[in-house]
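The structure presented is a predicted model; accordingly, all values stated were derived computationally and were not measured. Read the numbers this way: they start at 1 and go in the same order the structure lists the ligands and their atoms.
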Amino acid sequence: MLTLTNIHYAYDQTPAVIDCNFTVAPAQRLAIIGPSGCGKSTLLRIIAGLEPGHRGTISYDGVDITQQPAQQRRIGLMFQDHALFPHLSVAANIGYGLHGQAKSAIVARVESLLQLVGLPHLAQRYPDQLSGGERQRVALARSLAPSPRLLLLDEPFASLDRSLRDRLLDELPQWLTREGVAAIYVTHDANEACQIASDMLVMRAGQIVRQGPVATLYNDPQSQFVASLLGMPHSVAYTATPHGITTLFGDVAIAAPAHVGRLLIPADVGMILDPNVPVALFHGVVTASFLRAPWQRLRITSLAGDAQFDYDMPQHLAPIIGTTVTLPVRLDRLTFVASDD
Ligand code: ADP
């Protein structure tokens with residue numbers, strides 16, 4: 001188990017990572033998400049042992065590794081622009097970190113990693129004879145070769161096209177499980193985070209603002225900042241009434257929390273699979289409509305005032321732009337979030 005305690009790091013006088021605390025269990029897959037510049041890569045570099053000037057402690061299985069050099073930590077690192085050695089074959093690239101081991105052991109390990117990433121037929125190729133996706137597979141195999149106990153991945157597939165990225169995102173968790181290695185996966189893309197990880201940690205301006213299971217964060221993001229990162233950018237002001245709350249779109253029979261906040265309206269709020277699920281009716285006008293496969297996403301604007309939310313529905317049911325609509329919204333998908341300041 002990796003444990004970070006009160007980790008703090010500043011470039012010159014500017015803090016990049018502020019008082020971070022978290023743990024990663026054996027074989028756990030944790031995603032770190034946050035906007036560009038919030039400190040994700042710096043945090044990974046600290047864990048890898050590449051930023052020795054930080055404050056706080058890092059331990060692994062109870063052993064303090066804060067002062068341990070990077071190469072002794074058994075922590076692998078893979079970046080987006082992970083360069084392979086151009087003058088070495090695929091097999092030699094993968095085996096590079098194994099020098100010192102018996103030759104037969106190296107050959108067997110490289111062979112099993114080539115099988116793992118589906119490239120046994122390319123062992124003798126050179127990096128410039130590979131596609132972008134094949135290069136990333138080789139880079140991953142190379143990171144896994146020395147059997148790290150933890151693999152740090154910093155947007156490893158960001159430069160690949162969408163279909164290739166999706167395929168690797170599907171395969172990576174299987175590889176990690178087969179190798180029994182824990183992973184921290186850094187991304188600014190919440191969908192990627194969900195594909196890879198069961199748990200998520202959200203950073204903002206150097207600080208961890210939220211951590212927990214992926215589903216918990218989705219169902220109750222608690223702040224507009226976290227909701228927006230998770231693809232739910234629309235919330236609306238409300239006022240409490242004796243029967244619940246009132247908004248620019250209509251009344252909702254749910255109790256408002258004591259603190260001042262906003263009502264979060266995720267785009268799946270109209271996905272009513274169970275006819276018994278309680279709904280409210282929201283009134284507005286369709287001001288935009290676009291395909292977000294497999295759904296049609298409608299932008300609904302309030303009839304008075306200036307509020308908007310998105311509403312996904314099957315394409316064949318979607319009204320055209322300009323239609324005034326009354327739409328059912330599921331009460332169980334509405335939550336309250338702190339306003340973003
Ligand atoms: P992220 O990975 O979330 O995009 P980074 O960890 O790369 O964020 O950067 C965090 C902050 O530290 C940013 O404000 C960035 O400008 C700053 N920073 C990163 N690297 C350096 C550096 N080598 N020197 C000075 N500031 C840096």
* Show which atoms of ligand 1 fall inside a sub-4.0 Å distance from at least one heavy-atom site of P35. => 3 (O)

* **Sub-4.5 Å side-chain heavy-atom contact between D166 and L169** => yes

* To do: Please could you name the atoms of ligand 1 that C38 approaches to less than 4.0 Å, counting only its heavy atoms?
  => 1 (P), 3 (O), 8 (O)

* To do: Could you tell me the residue and atom name of the protein heavy atom closest to atom 19 (C) of ligand 1, and the distance to it rounded to 0.1 Å?
  => Y11 CE1, 3.4 Å

* Have Y60 and Q68 got a donor and an acceptor in their side chains that come within less than 3.5 Å? -> no

* Scan side-chain atoms only and decide if Q296 and S289 contain a donor-acceptor pair under the 3.5 Å cut-off. => yes

* Structure fact -> Looking only at protein heavy atoms, what sits closest to atom 8 (O) of ligand 1 is G39 N, 3.1 Å

* To do: Using the six-membered ring wherever Trp is involved, compare the ring planes of F336 and Y238 and label them parallel, tilted or perpendicular (cut-offs 30° and 60°).
  => perpendicular

* Structure fact -> atom 5 (P) of ligand 1 has as its nearest protein heavy atom T42 OG1, 3.6 Å

* Asked: Quick one: does G206 get a heavy atom under 4.0 Å from ligand 1?
  -> no

* For ligand 1, which atoms sit closer than 4.0 Å to a heavy atom of K40? -> 1 (P), 2 (O), 3 (O), 4 (O), 6 (O), 8 (O)

* **S36 touching ligand 1 at heavy-atom level, < 4.0 angstrom** => yes

* Please check atom 16 (O) of ligand 1 for a protein heavy-atom neighbour under 4.0 Å. => no

* Structure fact -> re atom 7 (O) of ligand 1, the protein heavy-atom contact at minimum distance is S41 CB, 3.8 Å

* With no hydrogens and no angle check, do the side chains of T246 and D251 hold a donor and an acceptor under 3.5 Å apart? -> yes

* To do: Verify the distance criterion only: is there a donor paired with an acceptor across the side chains of E155 and H188 at less than 3.5 Å?
  => yes

* Asked: Do D310 and H234 meet the criterion of a side-chain donor-acceptor pair at a distance under 3.5 Å?
  -> yes

* Structure fact -> One finds that the ligand 1 atoms under 4.0 Å from a non-hydrogen atom of A16 are 11 (C), 12 (O)

* To do: Assign the ring pair Y96 / F85 to parallel, tilted or perpendicular, where the plane angle (0 to 90°) is split at 30° and 60°.
  => tilted

* Starting from atom 4 (O) of ligand 1, find the nearest protein heavy-atom neighbour and note its residue, name and distance. => G37 N, 2.7 Å

